[in-house]
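Some notes on the structure that comes next.
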Number of protein chains: 4
Amino acid sequence: MADIYPEYGFDNSVSVYYYITDWSVIELKVNMARPKNPEIRSERQQQILEAARQIFGEHGLAEARMDDIALAARLSKGTLYLYYKSKDDLVVGLLEALFSQALVQLRAIIELPGLTAEARMIHYVERIVSLMESDASLLNISYEFYAVAARRPAVRDYLQTYFGEYRGLLAALLEQGKARGEYPLVDSGQAALTLVALLEGCTLLWFTDHTAVNPRQTLPVVIRQFFNGLT
Amino acid sequence: MADIYPEYGFDNSVSVYYYITDWSVIELKVNMARPKNPEIRSERQQQILEAARQIFGEHGLAEARMDDIALAARLSKGTLYLYYKSKDDLVVGLLEALFSQALVQLRAIIELPGLTAEARMIHYVERIVSLMESDASLLNISYEFYAVAARRPAVRDYLQTYFGEYRGLLAALLEQGKARGEYPLVDSGQAALTLVALLEGCTLLWFTDHTAVNPRQTLPVVIRQFFNGLT
Amino acid sequence: MADIYPEYGFDNSVSVYYYITDWSVIELKVNMARPKNPEIRSERQQQILEAARQIFGEHGLAEARMDDIALAARLSKGTLYLYYKSKDDLVVGLLEALFSQALVQLRAIIELPGLTAEARMIHYVERIVSLMESDASLLNISYEFYAVAARRPAVRDYLQTYFGEYRGLLAALLEQGKARGEYPLVDSGQAALTLVALLEGCTLLWFTDHTAVNPRQTLPVVIRQFFNGLT
Amino acid sequence: MADIYPEYGFDNSVSVYYYITDWSVIELKVNMARPKNPEIRSERQQQILEAARQIFGEHGLAEARMDDIALAARLSKGTLYLYYKSKDDLVVGLLEALFSQALVQLRAIIELPGLTAEARMIHYVERIVSLMESDASLLNISYEFYAVAARRPAVRDYLQTYFGEYRGLLAALLEQGKARGEYPLVDSGQAALTLVALLEGCTLLWFTDHTAVNPRQTLPVVIRQFFNGLT
DNA sequence: AATGAATGAGGGTTCATTCAT
DNA sequence: AATGAATGAACCCTCATTCAT
């Protein structure tokens, strides 16, 4: 490709001149102004959160730099501060965004008709594992948040809510199976706790040693053991 | 004894020549680097590690300041660097110190005579919980290390070894019970993985929400469920 | 003009697609990284180099503090690092700036018409002496660079180039006089070396003892001696 | 060589045990106490100065560390301060030691009988070049001192004295030749200045570019040119 | 709305110097 | 006389945040 000479106009436009020869030139004038509509705010926030997830996941909450996030979001550093008033604010924003979506899968599965509780769980962990495998940074960030929970009330509160809901949903799932007579269950709350612990524990083992634990194999086995133990 | 002629080399060594006769000589080259007083050395390292555990646990690995660690160790900042050549080095030093001691309890319990596997596990978790309750920073630091494992090979490797040994010890414990006919166990390796996952999972739930989970109650229950599930 | 669809890439680029028809499209990928305002950039660099020259000259390369340079440049310390990525980088930047300008005088004098070589040299040293007298730090820095050349390849390379050019220019000047029959000269390269040595040697003597050597008197005398020696 | 086990006694002795086998051992007990005599002081100072020359030459005055000098001197850091009360003091000590010896060669040559002044000079530069070639750090340190002269009166004063004596000796040498009628010389002081400048200038050119200037060839040529110019 | 130049407090690390043994 | 453990001031560099344009 021949040389390209962009020229920045005062009207948020870029004129790109493509000099085929010295005297023949293609001019493309492009209005660079992004669409102004009320959704800008949420679009930018998405953009930033996505960048934050990537960078925080890669470097950790403390070591990640706002510059890097701005670069990944294709925005200037200053613009970040139009949408999040501090790095801390961004951390909490990401926390909320991530964990508010985390249980969507589980809720969907609970609403599926006609499956045993065990089948639902197997189904669920398959989806979770796929998600985690598709983006390693998700797990990284989770542990970042766990580590930080002890020091930051906002994070701890959010995680408390999250795990509370998590256990509540699993208890509901187990109640379904109990109502259908799949197993005699004494305390579905206690069992839900055990289930969450198993899932989180296996995930930790996988996280610290990808070679020693294969979640696609291990988790279904563990789930089945769990349900066998109930009867 | 004949005359001895020491010669001082440039490499902190002394070459000692022992002239048996004029023409026959024994040369002994000895490194004179007097071992830096090993008592002081290990005392200071302990002092620093203790301070590091406290400060890292309180503020997190990244946010902790070397000044604070020096203060907590009642040493000057410069002295820290006589024993650990960087903050990173100190982090790894602490990691090794902590996790190398973590399994001592478990090993001791395995060697106790005449208990069922279940009783041993109940015993073990009681001790662990006591330990964690006595110093909250222990758990904080653990999660710091987990979070950092993804980015730092040295940490990841250490954790891999740690969890590998952990599972190995639990498998050995389960084999003991199996040999005594306490339960029919197919795969003690798989069961050990489940056990570690349960323990770690419950710990995480407790860590994120001290009000929702009481490990003194929960862990024994979970252990019993586990052993019931085996039969 | 047909519709234009810009697409924002992750690399600060915009791909502009010009759909001539549905199936034929011109793609122009343009780097949108707006050139960091080049005026400000060069202005700041000048500002910083000027301050660096002053402070390095006053305190020496190693003893000079970045704080002082920032103060002298009326900028914050952080700003220094926007333009030079380290103290080392600044040292090399100053080296290049100083020595690239050092020979401008000599080139100008060589291009003056109608003077004997001797007259040109007299003229040249007068200017040089004026320059050095007007700012003592110039000489200081030169000797800093000489001292550092042995340890830093970047500095050594630059000085080699500088002295190479210096000798080349003087050789050219001497060739001019030779061509005009002012003196029978065998080897203008060797003579140029002698000339540079004389100038640098006298400068050193002056530098170490301002009272013993007066360059305004000494250098012309030495130059005349040199040319007398040629015949 | 088999393993050697040194043991440090309380009486400044080292016992070296050479275990030929487990039961047969050679013991060499060596008194490590260095001889206590009134010359200790000057011996240590020599030791330290030698180390300082090496390390300062290698790293520069500012970048050299007292630790390195202590190591090179095979002494502890504390001992350095028994003989020189500060790094600065050591710098000045080295300066004096080096430059007080620098003119010994020249004085010796002046006192040789029956040579022309030119022959003496040729002789002298040969020795000087040999000296510089044998230990590159000598030149390095010289330029360190030149660079520092502007900021430190003690250094400047010493260099002034040195160059003053240097010129005086060369003037005396030239007077000898003049007295013998080797050349008609108007001002031997001025000629001595020229000579020093030539020597120092050539040395600088060699120092900054070892490939462009070969002092063994260049200096004799320059000397001869100088004497030719006198007649 | 967006930019990016500028800031400056803060942290990790170094190293000359001291001093108890 | 000699040691080396300890100190702490100093310095380079980073990076979250601000603000004029």
Side-chain angles (χ1 to χ4, degrees), chain A residues 12 32-36 40-41 44 62-70 74-90, chain B residues 33-34 36-37 40-41 43-44 62-70 74-90, chain C residues 33-37 40-41 43-44 62-70 74-90, chain D residues 12 32-36 40-41 43-44 62-70 74-90:
Chain A
N12 263 324
M32 297 300 303
R34 290 159 192 248
K36 248 187 198 174
I40 277 195
R41 190 156 191 89
R44 288 285 171 281
E63 281 96 344
R65 290 180 288 128
M66 293 299 267
D67 294 74
D68 289 340
I69 295 173
R74 284 163 297 125
L75 291 170
S76 75
K77 221 189 322 184
T79 306
L80 252 51
Y81 284 85
L82 292 180
Y83 297 97
Y84 293 92
K85 73 177 201 294
S86 70
K87 187 181 175 182
D88 243 63
D89 201 35
L90 182 52
Chain B
R34 212 173 268 251
K36 325 280 181 183
N37 192 330
I40 288 188
R41 203 165 176 79
E43 186 192 327
R44 288 285 169 281
E63 283 95 344
R65 292 182 289 127
M66 292 300 267
D67 292 76
D68 289 341
I69 295 174
R74 280 162 298 118
L75 290 169
S76 74
K77 216 186 335 178
T79 305
L80 253 50
Y81 285 86
L82 290 180
Y83 297 96
Y84 294 92
K85 71 178 199 294
S86 69
K87 187 180 177 183
D88 242 64
D89 201 35
L90 182 51
Chain C
R34 213 172 267 253
K36 324 280 183 186
N37 191 330
I40 288 188
R41 207 168 171 78
E43 185 192 329
R44 288 286 169 281
E63 283 93 344
R65 291 182 290 127
M66 291 300 267
D67 292 76
D68 288 342
I69 295 174
R74 280 160 300 117
L75 290 170
S76 76
K77 215 190 328 183
T79 305
L80 253 52
Y81 286 86
L82 290 180
Y83 297 96
Y84 293 92
K85 72 178 200 294
S86 69
K87 186 179 175 181
D88 242 64
D89 201 35
L90 182 51
Chain D
N12 263 324
M32 296 299 302
R34 289 156 192 252
K36 247 188 198 174
I40 276 195
R41 190 155 192 89
E43 184 194 328
R44 288 285 171 280
E63 282 95 343
R65 290 179 290 127
M66 292 299 268
D67 294 72
D68 289 341
I69 294 173
R74 283 164 296 126
L75 291 168
S76 74
K77 222 190 320 185
T79 306
L80 252 52
Y81 285 85
L82 293 179
Y83 297 96
Y84 293 93
K85 73 176 203 293
S86 70
K87 187 180 176 183
D88 243 64
D89 201 35
L90 182 51

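Lettering follows sequence order; numbering is per chain, from 1.
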Between E:dG12 (P) and B:Tyr84 (OH): distance, integer Å: 17 Å
Side-chain-base donor-acceptor pair under 3.5 Å for B:Lys77 and E:dT13: yes
Residue A:Asp67, side-chain heavy atoms: nucleotide from E:dA2, F:dC12, F:dC15 that is nearest: F:dC15
Shortest side-chain distance from D:Leu82, nucleotide among F:dA1, E:dA16, F:dA6: F:dA1
Nearest-angstrom distance from the residue atom CD of C:Glu63 to C1' of E:dC15: 14 Å
Mate of F:dT14 where both pairing distances stay under 3.5 Å, Watson-Crick or G-U: E:dA9
Check: D:Arg65 main-chain N/O paired with D:Lys87 side-chain donor or acceptor under 3.5 Å: no
B:Met66 CE to F:dC12 P, straight-line distance once rounded to whole Å: 20 Å
Nearest-Å distance for atom pair CD1/P, residues D:Ile69 and E:dA16: 8 Å
Nucleotide paired to F:dT21 in any strand shown, Watson-Crick or G-U, under 3.5 Å: E:dA2
Contact check, side chains of D:Tyr84 and D:Ile69, non-hydrogen atoms, under 4.5 Å: no
D:Arg44 CZ to F:dA2 C1', straight-line distance once rounded to whole Å: 9 Å
Separation of atom CZ in B:Arg74 from atom C1' in F:dA6, rounded to whole Å: 15 Å
Exercise: identify the closest heavy-atom pair between B:Leu80 and B:Met66: CD2-O, 3.6 Å
D:Tyr81 vs F:dT3: side-chain N/O to OP1/OP2 distance below 4.0 Å: no
Contact nearer the 5' end of DNA chain E, comparing C:Ile40 with B:Lys87: C:Ile40
Minimum side-chain heavy-atom gap B:Tyr83-B:Ile40 below 4.5 Å: yes
Non-hydrogen atoms of A:Ala62 and B:Glu63 that approach each other most closely: CB-OE2, 4.0 Å
Separation of E:dG12 C1' from B:Leu75 CG (nearest whole Å): 17 Å
Residue met sooner reading DNA chain F from 5', once D:Gly78 and A:Arg65 are mapped to nucleotides: D:Gly78
B:Arg41 side chain near F:dA5 phosphate (N/O to OP1/OP2, under 4.0 Å): no
Touch class at under 4.0 angstrom, heavy-atom based, for B:Ala64 against every strand present: sugar-phosphate
Nearest-Å distance for atom pair CG/P, residues D:Asp88 and E:dT17: 8 Å
D:Ser76 vs F:dG4: side-chain N/O to OP1/OP2 distance below 4.0 Å: no
Given DNA chain F, 5'-ward residue of the pair C:Thr79 and D:Leu80, judged by closest heavy atom: D:Leu80
Sugar-phosphate only, base, or nothing, as touched by B:Tyr83 at under 4.0 Å among non-hydrogen atoms: sugar-phosphate
